[in-house]
Amino acid sequence: MSQQQQQLQGFHTRKHQIVSSLVEFVDPERRDKSPKGFIDAPILDLMHVINQHPDYYTTSSCSGRVAVYCEGLEKDVDINDPDAIEKTTKGGTWLYVSHDPIPMPKENVEAWIVQLLFGDQSDKVEFSSDRPDDILSKQLIYFKFEPLILHIEASTSETAMQLLGTAYQVGYQNSGITPSRRHMLAIRSTHKIDTPIAYVQGDTIKCLVDPAYLMLLLTMSNQKFESNMERMKVFEDAMAQMLTKAQQAQDWEPKEARRQRMKQEGLAKREQQQQKQQQKQEDLVVIEDLLDSVML
């Protein structure tokens with residue numbers, strides 16, 4: 001077996017394992033490796049089309065989300081001592097996450113938005129105009145909107161480039177091929193919001209912006225959700241066209257192969273006709289023998 005054949009075999013083995021393990025709905029008996037434990041509903045149709053294509057399958061996905069994230073700290077650090085704070089990219093806390101647009105109330109906006117975004121930490125929130133000089137050393141809390149992101153493995157470098165070109169055409173300009181021994185792609189756009197809205201001071205969350213600005217961020221996120229869904233649908237349609245072409249290519253028969261097939265079919269048909277003719281002659285002989293025996 002050649003190296004290319006081994007790579008393709010490995011691709012198909014991984015695809016079968018990953019696709020067969022996908023969890024598409026809440027199931028207490030099954031969970032995938034994502035924090036939710038199952039696939040985001042808005043992305044299911046797109047994933048089905050991608051995973052039906054013989055040259056691709058999805059390894060991870062997020063349909064898009066709005067979130068509030070508190071930075072992580074190293075263990076055994078006294079958060080009451082600003083000089084002792086050591087930030088880390090791991091171990092942060094998601095105070096709020098939604099994969100769907102957020103219905104906006106018309107009354108009691110301030111209390112609603114604080115409770116929504118800060119959850120069980122909402123009683124610690126204070127709106128403050130203080131801007132400490134060392135604010136970048138504080139434990140910051142970010143408001144985020146993150147659009148669709150898909151990680152996809154392709155069968156070859158050529159099919160990876162084809163998919164990357166399609167992603168660019170439908171607007172996923174931040175997509176790229178990930179350096180790896182496998183042919184991995186990240187499909188993503190630039191429709192992001194990532195801005196600090198508060199910082200932690202002891203047992204208090206000091207909000208850097210007022211409720212009206214938080215409402216503005218939510219309104220912008222809802223608009224981006226809509227744009228995100230529209231682009232996802234365009235990508236799904238483009239992938240469906242690629243799937244149709246791939247299926248047609250699998251069904252296409254080269255001229256020489258078609259000639260050989262028709263030749264074999266013609267020979268088989270001629271042999272069948274000869275067998276029928278021979279059987280007919282044998283039947284006539286039997287009938288003649290019977291007639292002779294009757295006359296005798």
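Other residues, nucleotides and ligands place no more than 12 heavy atoms under 6.0 Å from the CE atom of Met161. Environment of NE2 in His16: sparse, with no more than 12 heavy atoms of neighbouring residues, nucleotides or ligands closer than 6.0 Å. Heavy atoms of other residues, nucleotides or ligands lying less than 6.0 angstrom from OH of Tyr213 number 12 at most. Within 6.0 Å of CZ on Arg181 lie no more than 12 heavy atoms contributed by other residues, nucleotides or ligands.
Between Cys62 and His99, the shortest heavy-atom contact is SG-CE1, 3.7 Å. Of all non-hydrogen atoms in Ile102 and Leu218, the two that sit nearest each other are CD1-CD2, 3.4 Å. For Asn222 against Pro101, the heavy-atom pair with the smallest separation is OD1-CA, 3.4 Å. Taking both residues in full, the closest heavy atoms of Arg131 and Ser128 are given as NH1-O, 3.1 Å, listed atom of the first, atom of the second, then distance. The two residues His191 and Pro147 make their nearest non-hydrogen contact at O-CD, 3.3 Å.
Side chains of Met242 and Tyr56 form a contact here, defined as non-hydrogen atoms less than 4.5 Å apart. By the 4.5 Å heavy-atom criterion applied to side chains, Glu71 and Tyr142 are counted as neighbours. Looking at Thr59 and Ile152, their side chains never come closer than 4.5 Å, going by heavy atoms from C-beta outward. Residues Tyr172 and Met232 form a side-chain contact, since some pair of their non-hydrogen atoms from C-beta on lies under 4.5 Å apart. With a 4.5 Å cut-off on side-chain heavy atoms, Asp237 and Val49 do not count as touching. In this structure, the side chains of Ile193 and Phe143 come closer than 4.5 Å at one or more pairs of heavy atoms. In this structure, Leu214 and Ile113 have side chains that are in contact, with non-hydrogen atoms separated by less than 4.5 Å. Between Leu95 and Tyr69, every side-chain heavy-atom pair lies at or beyond the 4.5 Å cut-off.
Partner of Gln201 under the side chain to side chain donor-acceptor pair (under 3.5 Å) criterion, out of Gln139, Lys138, Lys206: Lys138 alone.
Taking the six-membered ring for Trp and the full ring otherwise, the centers of Phe145 and Phe225 sit less than 6.0 Å from each other. For Tyr96 and Phe118, the distance between ring centers is not under 6.0 angstrom.
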Open item on the list: Could you walk me through whether Ser155 and Asp55 satisfy the side-chain hydrogen bond (donor to acceptor under 3.5 Å, both in side chains) test, starting with their C-alpha distance in whole Å, then the side-chain angles of each, then the deciding distance to 0.1 Å, before giving a yes or no?
Closed with: CA-CA 5 Å; Ser155 60; Asp55 292 316; 2.9 Å; yes

Task: side-chain hydrogen bond (donor to acceptor under 3.5 Å, both in side chains) between Thr58 and Ser61, intermediate numbers included - done: CA-CA 7 Å; Thr58 57; Ser61 65; 5.9 Å; no

- [ ] Mind running side-chain contact (heavy atoms from CB on, under 4.5 Å) on Met220 and Leu216 for me, showing each step along the way?
- [x] CA-CA 6 Å; Met220 292 174 64; Leu216 173 62; 4.1 Å; yes

Open item on the list: Determine whether His183 and Ser157 satisfy the following criterion, side-chain hydrogen bond (donor to acceptor under 3.5 Å, both in side chains), listing intermediate values before the conclusion.
Closed with: CA-CA 6 Å; His183 308 291; Ser157 58; 5.0 Å; no

Open item on the list: Assess the residue pair Ile141 and Cys70 against the criterion (side-chain contact (heavy atoms from CB on, under 4.5 Å)); give the C-alpha distance rounded to whole Å, side-chain angles, the decisive distance to 0.1 Å, and a yes or no.
Closed with: CA-CA 4 Å; Ile141 297 175; Cys70 182; 3.9 Å; yes

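Arg14 and Glu153 are joined by a salt bridge, as a carboxylate oxygen and a charged side-chain nitrogen come within less than 4.0 angstrom of each other.
Here Ile50 contributes atom CD1 and Leu163 contributes atom CG; the two are 7.0 Å apart, rounded to the nearest 0.5 Å. In this structure, CG in Leu217 is found 13.0 Å from NZ in Lys144, a value given to the nearest 0.5 Å.
Both Leu46 and Leu164 are members of a single hydrophobic cluster when ILVMFWY side chains are connected at heavy-atom separations under 4.5 Å.
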